[in-house]
Amino acid sequence: MTSFREPSLQAAEEQPAEDRALRPQRMSEMVGQRAVYERLEIAIDAARKRGETLGHILLDGPPGLGKTTFATCIPRELGTTLQIASGAALAAPKDLLPYLTNAAEGSVLFIDEIHRLPIAVEEFLYPAMEDFRIDITLGDGVAARTINMPLRPFTLVGATTRAGLISAPLRDRFVIREHLDYYSPAELAEIVRRSAAKLQMPMDDASADEIARRSRGTPRLANNRLRWIRDFSTSRAGGAIDVEIARSALEMQGIDELGLDGFDRKYLETIQRVFAGGPVGIEAIAHTMSSAADTLEDDVEPFLLRCELVIRTPRGRRITPKGEEHLGTPPQPGRQNTLF
Ligand code: ADP
């Protein structure tokens, strides 16, 4: 099913060259996520000092928070090579085979959206992760035989927006598991200042703060908003940027003070108007919005849940009084008491 979503949330490999230009090249250039950064730095340092292969790493968290950035920086810190694959594109073990056999000793294999691996591919991966070998079956029926092929030790970095969908056997084979959380407005403002410098844009602190506040705690959105403001300013303000220009540009895109865009508000409005505030199942919301449940669960809901504009109950999603207020409608009396 097709669904509208702003381009900011596309897969990393589909991002334009300019986006790659903004991506930090070294872990030390990354802003925020300090606890994750420090734990990874220790593991990388120890692996390097002992000359060992770094343990497999699982990164989870909403889109645009830096999973791919960490995954691309780690091999640079290790001084090794990187291969990139996507769980959605690995339909059968044979699709994974070239990545595993090509992996140089100590190199990194990054699998994005690892929760989308079919079970047959996942099972093929277990011995590769655990013992650096794969089992290949040749022939059919009684003539079938399995051969064992050793691999060079490598590090698997898996990224997922849905840690809950990863099976326990796969999850347990990752020795390092890290969750990336939303960035604070101060951290995002720092990212905006650094990206503006890379784009050679003028940027005062008030404008950086405004963009940060309206970027849903997500660096990818902050960078996207920044690029749009740059276009707006070039076209309408002779290249100048101040907080008023930034605000006008973002309002023109329908981005409100909380950083929600039209699609986020449409989700809230659907629950409120069509389903009388909920509770309502995600599939029903998705159908009504002509969207996909996956898109809503990955891109829209995490931030709205985090802001307490909606809640998830055993019977479905409900809008909260805060969510109603955000839409500009007074909270419905009585609803607060029947959230569950
Ligand atoms: P994910 O893989 O989690 O969807 P990405 O790693 O692709 O997210 O991040 C999206 C963009 O946001 C990157 O291109 C990068 O420019 C920026 N970004 C992400 N995390 C950081 C960070 N910690 N510091 C600076 N920029 C970041």
Side-chain angles (χ1 to χ4, degrees), residues 5-41 57-77 82-89 108-116 156-163 166 177-199 201 203 208 211-212 214-230 259 294-295 297-303 306:
R5 189 65 207 163
E6 50 179 345
S8 53
L9 296 174
Q10 287 169 346
E13 54 268 37
E14 292 169 21
Q15 295 275 309
E18 209 174 34
D19 193 79
R20 288 199 297 274
L22 296 182
R23 193 189 291 286
Q25 300 297 303
R26 302 302 296 234
M27 267 174 38
S28 56
E29 289 171 34
M30 294 181 74
V31 176
Q33 308 290 356
R34 281 354 263 170
V36 176
Y37 170 87
E38 277 169 27
R39 284 190 292 263
L40 287 179
E41 205 194 20
I57 302 171
L58 181 64
L59 301 170
D60 85 85
L65 296 192
K67 298 183 292 300
T68 306
T69 307
F70 268 118
T72 50
C73 287
I74 288 168
R76 282 198 199 99
E77 307 297 329
L82 169 71
Q83 297 187 87
I84 302 180
S86 169
V108 174
L109 169 60
F110 172 49
I111 303 185
D112 200 7
E113 295 193 278
I114 196 161
H115 61 272
R116 296 180 67 178
L156 179 68
V157 179
T160 179
T161 48
R162 304 275 193 95
I166 303 227
R177 283 174 255 164
E178 294 290 356
H179 173 73
L180 303 192
D181 212 340
Y182 290 108
Y183 291 66
S184 69
E187 289 164 348
L188 274 191
E190 177 59 22
I191 292 174
V192 168
R193 279 190 291 270
R194 292 185 187 195
S195 296
K198 286 183 188 165
L199 295 172
M201 274 172 82
M203 180 57 57
I211 300 167
R214 294 188 188 223
S215 294
R216 298 198 319 182
T218 307
R220 182 178 294 150
L221 293 185
N223 283 341
N224 268 10
R225 312 259 196 264
L226 182 70
R227 262 191 239 103
W228 163 247
I229 291 167
R230 182 168 72 144
D294 277 3
T295 308
E297 282 191 279
D298 283 353
D299 297 346
V300 177
E301 289 191 325
F303 189 72
R306 157 105 183 207

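One-based numbering, in listed order, for ligands and for the atoms of each. Counting begins at 1 with the first residue of the sequence.
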- Message: Does any part of the side chain of Leu82, heavy atoms only, come nearer than 4.5 Å to the side chain of Phe110, both counted from C-beta?
- Response: yes
- Message: So Leu40 and Glu77, do their side chains get closer than 4.5 Å, heavy atoms only?
- Response: no
- Query: Is the charged tip of Arg306 near the ring of Phe303: under 6.0 Å from the six-membered ring centre and within 45° of its axis?
  - Reply: no
- Query: Hey, is Arg34 close enough to Glu38 for a salt bridge, meaning N to O under 4.0 Å?
  - Reply: no
- Salt bridge Asp112-Lys67, side-chain N to carboxylate O under 4.0 Å: no
- Item | ligand 1 contact by Ala159, heavy-atom criterion under 4.0 angstrom | no
- Query: Does Gly64 reach ligand 1 with a nitrogen or oxygen that is under 3.5 Å from one of the ligand's nitrogen or oxygen atoms?
  - Reply: yes
- Short N or O distance, Glu29 and ligand 1, threshold 3.5 Å exclusive: no
- Query: Any idea which of Pro24, Ala71, Ala222 brings a heavy atom closest to atom 26 (N) of ligand 1?
  - Reply: Pro24
- Query: Of all the atoms in ligand 1, which lie at a distance below 4.0 Å from a heavy atom belonging to Pro63?
  - Reply: 4 (O)
- Task: Can you sort out which atoms of ligand 1 are near Tyr183, meaning under 4.0 Å from one of its heavy atoms?
- Result: 20 (N), 21 (C), 22 (C), 23 (N)
What part of [X], side chain, backbone, both or neither, has a heavy atom within less than 4.0 angstrom of ligand 1?
X	value
Asp112	neither
Pro219	both
Ile191	side chain

- Query: Any sub-3.5 Å donor-acceptor pair from Thr218's side-chain atoms to Arg216's backbone N or O?
  - Reply: yes
- Pair Asn223-Arg220, side-chain donor/acceptor within less than 3.5 Å: no
